[in-house]
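Letters A, B, ... are given to chains in the order of the sequence lines, protein chains preceding strands, and every chain is numbered from 1. Note that the coordinates shown come from a computational prediction; the quantities given were computed from them, not determined experimentally.
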Amino acid sequence: MAQLTMIQAITDALRCELKDDENVLVFGEDVGVNGGVFRATEGLQKEFGEDRVFDTPLAESGIGGLTIGLALQGFRPVPEIQFFGFIYEVMDSVSGQLARMRYRTGGALGAPVTIRSPFGGGVHTPEMHSDSLEGLMASQPGLKVVVPSTPYDAKGLLISSIRDNDPVVFLEHLKLYRSFREEVPEESYTIPLGKADVKREGTDLSIFAYGAMVHESLKAAELLEKEEYSVEVVDLRTIQPLDIETIIASVEKTGRAVVVQEAQKQAGIAANVVAEITERAILSLEAPVLRVAAPDTIYPFPQAEAVWLPNAKDIVETAKKVLTF
Amino acid sequence: MASQKSKQFDPVANLHEIEEKFEMFQILNEEGEIVNADADPKLSDAELVELMSRMVFTRILDQRSISLNRQGRLGFYAPTAGQEASQIASHYALEKEDYILPGYRDVPQIVWHGLPLYKAFLFSRGHFIGNQIPEDVNVLPPQIIIGAQYIQTAGVALGMQKRGKKSVAVTYTGDGGSSQGDFYEGINFAGAFRSPAIFIVQNNQFAISTPRELQTAAKTIAQKGIAAGIPSILVDGMDPLAVFVATRDARQRAVNGEGPSLIETMCYRYGPHTMAGDDPTRYRTSDTDSQWEKKDPIVRFRKYLEAKGLWSEEKEAEVIEKAKEEIKAAVKEADAAPKQKVTELIRNMNDGDLPYNLQEQYEIFKEKESK
């Protein structure tokens, strides 16, 4: 097994699927010769040819329409939206068209599409490159939304997403692309969509997180361990649909929960998780479920980013409120 | 100085020069006379009669649809009268393997491409069976978002190209639709990939109430194709022969690997935008209406065919009678469609097992619907 970064694991997943299924097409802005601005598609055009891996004109809405049309011709398109902040340009194709395809045709037509896109803060980008807009996607019925937090998960989840017969939005956190390596099998493997992963077991408190916040939550769990608290960290991995079984089982075990998201607090994924816990497990709760999230401003200018983004310390602070309630 | 200036590129003169070149392509004039014999497609007698029959059928379908809508027996409906040459003669140049991405006014084309008529009525009534396209019919359900079908057409065309098919993707929008960003992205993508697509703009002069002049400073919509580097033509959209030839030629280029084309058809919708309360008297004069009615595609084609001895009152009555019967049967079939259930809608959300939320909601509605 090789030690891979998340970006390498993603390239590896694309390579596996391009090899296994001739209907898989990879395209977007600069994904060909250039291998993508983050090198997610490095070497793929050379290996699979310009017919399978290709550059498009610079227009996200056009890429969305291209995706839908190719799916209608029996392909399994894997478009890249260069940065997820650009998704507004292609919202109609994603939410207005792809998400509705199976439903509006009474099941006659499907859209086996995986939209890959980098997102997330902490790397000092210009505007519209770092926003956490996953909540927008998760509020659209008909889309699955996947956010991996490790190289191993990224490969298995991306392969599952590509094989899924319905549209999946696959969000890759910029800060995790090259932040660490781990062992990733060379062969193809899948991790089921809609399944969370208990990244650390504990008995006193459950922390639910996804993307980069999984790592801040793990750091927080370590800090809390020094104070004799046993903290469980659950990586949601798929944020739509949620793995309700794993979430509820964890809450029933610990009786206390904190939900962490990098996105602004208002109307987010964390709010949804809190609502599900409240509806399903209120009698197991020893304390209110609290959230750790970014403030409800527009994504900050890079110089304020470090303070704005939630971190392990913020999580510890909130966790203590819940633990000592 | 003067001689230096004369050497400069003159963007104003250049614009006018390009715009002047977009003369309207016509074969059959308002009197039903061939005015451009070189371009005459020389359709056989049977083909001419078939094209006329389809246009008459479509006019009757429009009249019946409006009447059914007024009786509360049809839902959303966008009238088509006046646009028969643009819609039916362009479709007549296509083959079964071609793929149509219609706007919401383009129901006649997809019906003539094989969508059972009762499904078109169910689409209008708001039943998902109307959108369940049979596997061997290459159409999408009508698009509601203006312009979305243009970018999707670029995708279908690229897909056909990758599959090595000898077919084309064809889409329709209106003059208003040509202002959308997706219009430009669609023609530009197809042009960049040299994909087999035909982009048709039915310029019926009004986007709901907004006149064509307010959409753009461009003298023609056809000229917008030039910027995308694709062959473009302005056609008399009330002339079935001209529309047929423009579409046939665009199709030929596309399947020959010469890429996409843009066709602007100058036409008019006699009726309101839709049957949901639009009142054309607020934005059009009856003078304008009657000027366009003189150009009517069915009137001029009738004259042309009668002069050739191919058409008569009896023949037309026969076609109308047949259309009425078919429409009646289709309405009956639509009436027989099963009542739509929320459980079915939930089931159509995704392939495979339902996620937990939908599964729970399915059970709730199953219970409700069993009562």
Side-chain angles (χ1 to χ4, degrees), chain A residues 23 25 27 51-52 54-75 77 79 89-90 92-93 96-97 99-112 141-144 164-167 193-194 238 240-245 248 272 276 280, chain B residues 99 101 122 127-135 138 140-141 143-145 147-163 165 169 180-182 184-193 195 197 340 344-360:
Chain A
N23 287 318
L25 300 175
F27 54 92
D51 198 45
R52 309 272 315 276
F54 54 94
D55 288 328
T56 65
L58 198 166
E60 285 78 19
S61 189
I63 292 171
L66 206 66
T67 299
I68 294 163
L70 288 166
L72 290 169
Q73 285 295 303
F75 289 100
E89 290 285 334
V90 56
D92 179 56
S93 284
Q97 310 287 332
R100 308 167 80 95
M101 186 65 83
R102 185 177 298 282
Y103 173 87
R104 78 186 286 259
T105 60
L109 300 171
L143 298 178
K144 295 188 180 82
D164 198 279
N165 286 332
D166 291 302
L193 305 185
T238 300
Q240 185 60 245
L242 291 169
D243 178 358
I244 212 71
E245 267 177 45
I248 298 306
N272 192 31
E276 292 285 8
R280 292 162 197 275
Chain B
Y99 199 104
L101 295 94
L122 286 175
H127 195 307
F128 73 84
I129 288 179
N131 285 357
Q132 272 176 334
I133 307 295
E135 236 176 89
N138 293 319
L140 271 189
Q143 179 58 250
I144 300 300
I145 298 300
Q149 70 272 34
Y150 260 55
I151 47 174
Q152 294 170 16
T153 297
V156 172
L158 182 62
M160 288 173 162
Q161 198 175 355
K162 288 188 182 297
R163 297 276 185 223
K165 292 181 182 174
Q180 281 279 16
D182 282 349
Y184 297 97
E185 293 188 27
I187 62 174
N188 188 59
F189 269 56
F193 291 115
S195 300
Q340 193 162 236
E344 287 174 299
L345 301 183
I346 291 175
R347 197 36 278 175
N348 289 337
M349 280 304 296
N350 62 280
D351 190 39
D353 293 340
L354 291 170
Y356 79 93
N357 50 334
L358 285 172
Q359 188 58 49
E360 289 173 0

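If you measure heavy-atom distances from B:Y150 to chain A, you find no contacts under 4.5 Å at all. Within the 4.5 angstrom heavy-atom criterion, no atom of B:Q180 approaches chain A. If you measure heavy-atom distances from A:D92 to chain B, the contacts under 4.5 Å come from the side chain alone. For B:A192, the part sitting under 4.5 Å from any heavy atom of chain A is the side chain, from C-beta outward, and nothing else. When heavy atoms are compared at a cutoff of 4.5 Å, B:L358 does not approach chain A at all. The contact between A:I63 and chain B is made by backbone and side chain atoms together, counting heavy-atom distances below 4.5 Å. Heavy atoms closer than 4.5 Å to chain A are found nowhere in B:Y184, neither backbone nor side chain. Within the 4.5 angstrom heavy-atom criterion, atoms from both the backbone and the side chain of B:Q152 approach chain A. With a threshold of 4.5 angstrom between heavy atoms, A:L242 approaches chain B through its backbone and through its side chain. Contacts between B:D182 and chain A at a heavy-atom distance below 4.5 Å involve the side chain alone, from C-beta outward. In this structure, the portion of A:S93 lying under 4.5 Å from any heavy atom of chain B is its side chain and not its backbone.
Only one option out of B:R163, B:K162, B:K165 pairs with A:Q73 in a side-chain hydrogen bond (donor to acceptor under 3.5 Å, both in side chains); it is B:K165.
No other option in A:G107, A:A108, A:S61 has as many heavy-atom pairs under 4.5 Å with chain B as A:S61.
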Practice item. Begin from the C-alpha positions of A:I68 and B:I151 and carry the test side chain to side chain contact (heavy atoms under 4.5 Å, CB included) through to its verdict. Key: CA-CA 9 Å; A:I68 294 163; B:I151 47 174; over 6 Å; no

